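Take a look at the structure set out below.
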There are 2 protein chains.
Amino acid sequence: MTPPDSNPSPRAPRRTKEDIVDAAVDLLDRVGLPDLSMRRLAEEIGVQPSALYWHVSSKQELLAAVSARILTPVAPRPSDPEGLGQAAAILGHRLHDALLAHRDGAEVVSSSLALGLVASPLHVALSAWEDTVTARVVADAITHYVVGITFHEQQRRSADAWGAAAPGASITPASFAHPSEDAFSAPLALIVGGIAVRQDGVGHPADA
Amino acid sequence: MTPPDSNPSPRAPRRTKEDIVDAAVDLLDRVGLPDLSMRRLAEEIGVQPSALYWHVSSKQELLAAVSARILTPVAPRPSDPEGLGQAAAILGHRLHDALLAHRDGAEVVSSSLALGLVASPLHVALSAWEDTVTARVVADAITHYVVGITFHEQQRRSADAWGAAAPGASITPASFAHPSEDAFSAPLALIVGGIAVRQDGVGHPADA
DNA sequence: ACCTGAACACCGTTCAAGT
DNA sequence: ACCTGAACACCGTTCAAGT
């Protein structure tokens, strides 16, 4: 992953991949994903654009590293476990928070996840469960739900911010108000609720 | 799909927005989203790039129109409304199929949906349900799950296709095989199963 | 080992001007 | 009404060459 060395070397590298990722996360938070270009990032670091390609092989690899950084707080904690449902709910909320902590965080992570360039934190955290198959099914449902709705939330936020700053664009045609915490939690609870049905082997719940 | 005009107009437009969207969908299926540029599209149509901007105001608006086209097969309400769960499951599968029917369909629709430039077909189809709130919660959970996992599926597909064509890249480090139909359906069934729990007012299913 | 300089092959979008 | 021509302000990436 990292070409340089971890022990105190005779010649310290002038810039490490970590430094580039640091700067990228910082720039992302300040200018957003559309303005996060390799050229802009190089300028920020005080280096030629081509220099970045000594540290990373492509922009997508860089964004994958940024995604991994964004997702670090989602890692399982020893205090976590209870039932699968509770653990999943906690992790879902943690993922939500982690994505919201960075500008365009959901969009960045969404593509890295789709490209398979970053590990899914829910899959990792729940992989230790005894019912492996159910754990994976739950991780799939929650991960995609949370990333998708947070992407939606963040886009609306920046659209609102832009609309608020723009001249003469006061009438927003948006049909409903900002997403409340419930708008996020209720579908999450729905998914968590489905775990019990699956485990109890309940048949066709929608027949009645 | 639709003939330019149904009545004989005095001056038929040389090109209509429909034509541009037709060509865009066609080009998308042939070259994929990364190579779908305004310049390439203009070339395909036989027009200058700037000419496209008489018909659409931006590339994003064009992709929103493409998204709407991709989503049209999802629209019809399920004929036998046996319950919210069944209707939702049918629509979820229909959405999956619609996205898979076009190259990079999930990615295109994902961003249009996040930007709020296209209507969510599940929300539309389920909005007539008596329990409005539950319908919206279900639509949220299923829409984001399906779009997210289909995005993932399609990326893996094109990565595989590329890897198969690439020289000397036979050993794919992917940890598991292609997604089976079950890998899609099981989490969907989990969400659908959660509906009954929500409606029955069952409390904390993961406590035991 | 780490970076510069210069180039290649592109982008989305605007806008005066044509017909 | 519909489109051309030309420009503006950018992109990601490669690669020989420097230190």
Side-chain angles (χ1 to χ4, degrees), chain A residues 1-24 27-28 31-67 104 107-108 111-112 115 117 162 166, chain B residues 4-5 7-24 27-28 31-67 104 107-108 111-112 115 117 162 166:
Chain A
M1 208 104 183
T2 43
D5 38 3
S6 45
N7 54 346
S9 54
R11 270 167 209 81
R14 313 188 219 177
R15 259 164 285 261
T16 180
K17 184 178 173 180
E18 287 285 285
D19 296 335
I20 274 79
V21 178
D22 285 344
L27 189 56
L28 176 68
V31 305
L33 187 58
D35 288 333
L36 175 51
S37 68
M38 296 300 269
R39 298 176 113 101
R40 176 86 193 258
L41 177 60
E43 190 185 9
E44 211 80 12
I45 295 175
V47 96
Q48 293 292 323
S50 51
L52 297 176
Y53 289 86
W54 193 91
H55 299 278
V56 299
S57 65
S58 68
K59 188 183 182 181
Q60 275 183 344
E61 194 211 295
L62 173 64
L63 290 179
V66 169
S67 297
D104 295 331
E107 188 172 4
V108 173
S111 76
S112 293
L115 290 164
L117 298 176
W162 203 85
Chain B
D5 44 0
N7 54 344
S9 55
R11 267 170 211 83
R14 311 188 220 178
R15 259 164 284 260
T16 178
K17 184 178 171 178
E18 287 286 283
D19 296 336
I20 274 80
V21 178
D22 285 345
L27 188 57
L28 175 68
V31 306
L33 187 57
D35 288 332
L36 175 51
S37 67
M38 296 300 269
R39 297 176 113 101
R40 176 87 193 257
L41 177 60
E43 190 185 11
E44 211 80 11
I45 296 174
V47 96
Q48 293 291 323
S50 51
L52 298 176
Y53 289 85
W54 193 90
H55 298 279
V56 299
S57 65
S58 68
K59 188 183 182 181
Q60 275 184 344
E61 195 212 294
L62 173 63
L63 290 179
V66 170
S67 297
D104 296 330
E107 187 172 3
V108 173
S111 76
S112 293
L115 290 164
L117 298 176
W162 203 85

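To find a chain, count down the sequence lines: A is the first, B the second, and so on, and within it residues start at 1. This structure is a prediction, so every number in the text was calculated from the model and none was measured.
- The side-chain heavy atoms of Val108(B) and Leu36(B), taken from C-beta on, include no pair separated by under 4.5 Å.
- When the C1' atom of dC11(D) is taken as reference, atom CG of Leu36(A) falls 13 Å away, rounded to whole Å.
- Base pairing of dA1(D) is made with dT19(C), judged by Watson-Crick or G-U wobble geometry with both donor-acceptor distances under 3.5 Å.
- Between Ser112(B) and Ser67(B), the closest heavy-atom pair is OG-OG, 2.8 Å.
- Of the side-chain N and O atoms in Arg15(A), one or more sit less than 4.0 angstrom from OP1 or OP2 of dC3(C).
- When rounded to the nearest whole Å, the span between NZ of Lys17(A) and C1' of dC3(C) equals 18 Å.
- You'll find that the side chain of Arg39(B) is closest to dA7(D), out of dG5(D), dT4(C), dA7(D).
- Between the CG atom of Asp19(A) and the P atom of dA1(C) there is a distance of 18 Å, given to the nearest Å.
- Counting only heavy atoms from C-beta on, Trp54(A) has its side chain closest to dC3(C) among dC3(D), dC2(D), dC3(C).
- Within the structure, a side-chain polar atom (N or O) of Ser37(B) is placed less than 4.0 Å from OP1 or OP2 of dC11(C).
- At the phosphate of dA1(C), neither OP1 nor OP2 sits under 4.0 Å from any side-chain N or O atom of His55(A).
- For Asp19(B) (side chain) and Thr16(B) (main-chain N/O), a donor-acceptor pair under 3.5 Å exists by modelled atom type.
- Each of dG5(C), dC3(C), dG12(D) was ranked by its minimum atom distance to the side chain of Val47(A); first place goes to dC3(C).
- At whole-Å resolution of the value, CG in Leu52(B) and C1' in dT14(C) are 14 Å apart.
- For Ser50(A), whose side chain is taken as the heavy atoms from C-beta onward, the closest listed nucleotide among dC3(C), dG5(C), dC15(C) is dG5(C).
- Checked by atom type and distance alone, the side chain of Glu43(A) never pairs as donor or acceptor with a backbone atom of Arg39(A) at under 3.5 Å.
- When the nucleotides dC2(C), dT13(C), dT14(D) are ranked by their closest atom to the side chain of Arg14(A), dC2(C) comes out on top.
- To the nearest whole angstrom, the two C1' atoms, one in dC10(C) and one in dA9(D), are 14 Å apart.
- In terms of position on DNA chain D, the residue among Asp35(A) and Ser57(A) whose nearest nucleotide sits closer to the 5' end is Asp35(A).
- Leu41(B) places its CG atom 11 Å from the P atom of dC11(C), with the value rounded to the nearest Å.
- Contact annotation: Gln48(B) reaches the phosphate of dG5(D) (side-chain N/O to OP1 or OP2, under 4.0 Å).
- Pairing for dA7(C) goes to dT13(D), judged as Watson-Crick or G-U wobble with the two contacts each under 3.5 Å.
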Side chain to side chain contact (heavy atoms under 4.5 Å, CB included) between Val66(A) and Val21(A), worked out: CA-CA 6 Å; Val66(A) 169; Val21(A) 178; 4.3 Å; yes
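- Judged by distance alone, with hydrogens and angles left aside, the side-chain atoms of Asp104(A) form a donor-acceptor pair with the main-chain N or O of Leu33(A) at under 3.5 Å.
- Between Glu43(B) atom CD and dC11(C) atom C1' the separation is 14 Å, expressed in whole Å.
- Spacing between atom NZ of Lys59(A) and atom C1' of dC11(C) amounts to 12 Å, rounded to whole angstrom units.
- Nucleotide dC10(D) holds its P atom 20 Å from the CE atom of Met38(B), rounded to whole Å.
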